[in-house]
Amino acid sequence: MVFFTVPLGKLVRRVSRLRGGGSALPGLVVEKIDPGFMRRTLTTLPHGVAVVSGTNGKTTTTKMVVELLESQGLKVFTNRTGSNFTRGVAAALLGEVDWRGRLDADVAVLELDEAHAVHFVNSVPPRYCLLLNVLRDQLDRFGEIDKTAQLLQQIAAKTTGTVVLNREDPRVARIADTLTGQEVKYFGLDHSLLGTFPNDDDMRAAPGSPAPAALPEKPAADVVLRKVGADSAEFEYDGGTVTTAMKLRGVYNIFNAAAALTLARSICGAGAATADHATLLEALSRVAPAFGRGESLTVEGQPLDLVLVKNPSGFRLGLKSFPAAGYATMIAINDNYADGRDMSWLWDVEFDSLREGGVDVLTGSRAYDMALRLQYDQVPVGAVETDIPAALAAFVREGRGKPKRIFCTYTAMLAIRRELSKITTVEVVS
């Protein structure tokens, strides 16, 4: 079958690219004609497969893990296009395997959507998994939050080696109680940072309501994030603390760096004899944000930060990552399928920090819904323009001389990135 599958898949991939088609189409074709393709190809890797899943932070965390492992001399296969369905993995494989279906890699690190990860692990049991968090996100697609937790538990159950869990998310941490035989490691936060990363129950609790059930005693974490600076972070592991520079911006990305370190240490080995920790930290300091996720660009000589937001937690942490004043601000909200149709989650975000400086431009298909939401938090709005290209042009024009930030949903981010690519004065900083 392989002598038929790979040539056909590569042909579909080439034709799809010539026609400007989606990156996952060749994978969909291969899944239909040869369901065993991924299992055959990936189960032979010396270090096996690592799956990264959870509600927030999968893309950037996967990128971090890949770069950390590459710093240790490992050849890493990953689904770099960001297509986190199984067909996206299959499509990425088609671009890497030779005509015999052989993959030149030591380990695969794959970002997978929570639901599609379950299908993947049933076919290709991973040796490692990293489960980041469980937050309310696109309820119209995934259902309630406990359903998402069940999906992550199924990923962990199929893992044959090490399961890395977020100690600070009760629903993720409790997955350990359901496991038999797997090694469990945790990443976590210093007590002083817990208020910055509320779990989903904390965010939605009514004032004065009793605290939600929590773990009776938190387990020890392999890597703990101790401090977050403007361009640095302090981590604790192996009984000591280390400080490293960080190119990544946003407190949410820095916490994910602790997750990435934990998984990389698990794959390489935590001891000094098996992992070069100085090289790991140097690699971590150089990691730039994934496409559109906290990217820093320069537009007409001024910095512009592009911040992806898709649920209350992500938006809150995005707002916390920038000073309250001094920025020109745009918010772009779409409700396409990839964004989630239900935008009611915007009412679970507090926008008080924008009250003083206001929002210069609102855009996207749900711009007027966003305007209504900001009105309730008494945030002044300069202009509402549903057409993203027109709104972006006005925002850049009117915001000359000011650093800029744009908070945007996924498809709005793609549209903005497309428009920015047409501006000759745009430079990607990180």
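In what follows, every heavy atom counts, from backbone to side chain, and hydrogens, waters and symmetry copies are set aside. Note that the numbering runs from 1 along the sequence shown for the chain.
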Atom [atom1] in [X], atom [atom2] in [Y]: separation rounded to 0.5 Å?
X: Leu374; Y: Arg355; atom1: CG; atom2: CZ; value: 10.5 Å
X: Arg373; Y: Ser344; atom1: CZ; atom2: OG; value: 11.5 Å
X: Ile254; Y: Leu225; atom1: CD1; atom2: CG; value: 7.5 Å
X: Arg405; Y: Phe407; atom1: CZ; atom2: CZ; value: 4.5 Å

Can we say [X] and [Y] salt-bridge, meaning some charged N sits less than 4.0 Å from an Asp/Glu carboxylate O?
X: Asp339; Y: Lys310; value: no
X: Arg286; Y: Glu67; value: no
X: Lys227; Y: Asp190; value: no
X: Glu114; Y: Lys58; value: yes
X: Lys75; Y: Glu70; value: no

Closest approach of [X] to [Y] (non-hydrogen atoms, all atoms of both residues):
X: Leu45; Y: Val107; value: CD1-C, 3.8 Å
X: Ser53; Y: Ala117; value: OG-CB, 4.3 Å
X: Val51; Y: Val121; value: CG2-CG1, 4.4 Å
X: Thr159; Y: Cys129; value: OG1-SG, 3.3 Å
X: Asn256; Y: Gly57; value: ND2-CA, 3.6 Å
X: Thr411; Y: Ala338; value: CG2-CB, 3.9 Å

### Query
Would you call the rings of Trp347 and Tyr376 parallel, tilted or perpendicular, where under 30° means parallel and over 60° means perpendicular?
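Perpendicular, since the angle between the ring planes exceeds 60°.
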
Would the distance check show the side chain of [X] and the main-chain N or O of [Y] forming a donor-acceptor pair, the cut-off being under 3.5 Å?
X: Gln72; Y: Leu74; value: no
X: Asp377; Y: Val379; value: no
X: Arg316; Y: Asp348; value: yes
X: Thr279; Y: Ser71; value: no
X: Thr386; Y: Gly364; value: no
X: Asn133; Y: Asn56; value: yes

### Task
Please test Gln302 against Lys404 for side-chain contact (heavy atoms from CB on, under 4.5 Å), starting from the C-alpha separation and ending with a verdict.
CA-CA 7 Å; Gln302 290 295 328; Lys404 301 170 185 65; 3.9 Å; yes

### Query
Judged by modelled atom types alone, do Ser365 and Asp335 share a side-chain donor-acceptor pair under 3.5 Å?
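Checked: Ser365/Asp335 side chains pair up, N/O donor to acceptor below 3.5 Å.
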
### Query
Only one of Val118, Ile155, Thr62, Val89 clears side-chain contact (heavy atoms from CB on, under 4.5 Å) with Leu112; which?
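Exactly one option meets the side-chain contact (heavy atoms from CB on, under 4.5 Å) with Leu112, and it is Val89.
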
